[in-house]
Amino acid sequence: MTPRSEDTAASKDQARRELEKGLDAAKAKRDKVFEDTDKIRANAEADFWRTVDALLNGAYHGAKTDAVAFLGVTRDHILKQTKRHRTQTTK
């Protein structure tokens with residue numbers, strides 16, 4: 001089979017460079033979206049636990065037990081998460 005005219009070494013090198021450039025751009029775009037998503041998720045998690053902390057702070061007797069049942073986590077988990085996010089600020 002005879003090579004096509006675009007199969008010359010120079011055109012293959014150019015095509016590889018264009019492919020690499022396109023793939024780099026696509027990867028960078030994906031990585032940026034993942035990074036932004038991680039930040040949004042972390043902020044949402046922090047906001048959630050600060051809200052839980054505010055709702056439980058000074059709530060009725062048994063509120064923590066009710067929160068455990070509703071959220072499906074342990075009292076210890078609630079304590080650790082509210083304490084952890086109480087001091088953090090949203091980025």
Side-chain angles (χ1 to χ4, degrees):
M1 193 167 13
T2 58
R4 292 181 283 180
S5 61
E6 68 262 5
D7 283 347
T8 63
S11 66
K12 278 187 180 179
D13 288 342
Q14 177 65 26
R16 279 191 182 109
R17 283 192 296 274
E18 289 174 9
L19 176 64
E20 184 177 329
K21 187 177 179 182
L23 292 174
D24 279 344
K27 185 177 182 297
K29 182 178 178 181
R30 181 193 65 181
D31 291 347
K32 175 74 170 123
V33 169
F34 284 172
E35 182 181 321
D36 292 346
T37 302
D38 289 343
K39 286 180 183 177
I40 291 168
R41 183 182 177 95
N43 288 340
E45 188 73 8
D47 288 344
F48 171 76
W49 287 111
R50 281 193 292 269
T51 301
V52 169
D53 188 39
L55 291 169
L56 292 177
N57 189 16
Y60 63 90
H61 182 72
K64 289 182 182 175
T65 303
D66 290 345
V68 165
F70 184 76
L71 296 175
V73 297
T74 64
R75 287 176 63 100
D76 186 55
H77 184 73
I78 291 173
L79 175 65
K80 287 179 180 177
Q81 293 303 313
T82 54
K83 186 176 180 180
R84 174 181 169 205
H85 294 289
R86 188 178 300 145
T87 57
Q88 287 184 347
T89 58
T90 305
K91 296 177 184 175

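Here the structure is a predicted model, which means the values were calculated and not measured.
- Salt bridge annotation for E45-R41: absent, with no cationic side-chain nitrogen under 4.0 angstrom from a carboxylate oxygen.
- Residue K83 holds its NZ atom at 15.0 Å from CH2 of W49, rounded to the nearest 0.5 Å.
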For side-chain contact (heavy atoms from CB on, under 4.5 Å), just list the numbers for L56 and I78, CA-CA rounded to whole Å, side-chain angles, deciding distance to a tenth of an Å, and then say yes or no.
CA-CA 10 Å; L56 292 177; I78 291 173; 3.9 Å; yes
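- When all heavy atoms of T74 and V68 are compared, the closest pair comes out as C-CG2, 3.9 Å.
- Salt-bridge check for R16 with D13: passed, with a basic side-chain N closer than 4.0 Å to an acidic carboxylate O.
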Output, in order, the C-alpha distance, side-chain angles, deciding distance and verdict of side-chain contact (heavy atoms from CB on, under 4.5 Å) for Q14 and R17.
CA-CA 5 Å; Q14 177 65 26; R17 283 192 296 274; 2.9 Å; yes
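- Between D47 and R50 a salt bridge is recorded (basic side-chain N to carboxylate O distance below 4.0 Å).
- With rounding to the nearest 0.5 Å, the separation of NZ in K21 from CG in D24 is 10.5 Å.
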Using the side-chain contact (heavy atoms from CB on, under 4.5 Å) rule, take R75 and T65 through it: C-alpha gap first, then chi angles, then the decisive distance, then the call.
CA-CA 7 Å; R75 287 176 63 100; T65 303; 3.5 Å; yes
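- Interatomic distance, R84 CZ to H77 NE2, rounded to the nearest 0.5 Å: 9.0 Å.
- In this structure, the separation between CG on L55 and OG1 on T82 is 11.5 Å, given to the nearest 0.5 Å.
- Taken to the nearest 0.5 Å, the CG atom of N43 stands 9.0 Å off from the NZ atom of K39.
- The hydrophobic cluster analysis finds F34 isolated: no Ile, Leu, Val, Met, Phe, Trp or Tyr side chain comes under 4.5 Å of it, directly or through other members.
- Enclosure of atom CZ in F70 is not indicated, since only 12 or fewer non-hydrogen atoms of other residues, nucleotides or ligands lie within 6.0 angstrom.
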Take F48 and L71, measure what side-chain contact (heavy atoms from CB on, under 4.5 Å) needs, and give me the verdict at the end.
CA-CA 12 Å; F48 171 76; L71 296 175; 3.8 Å; yes
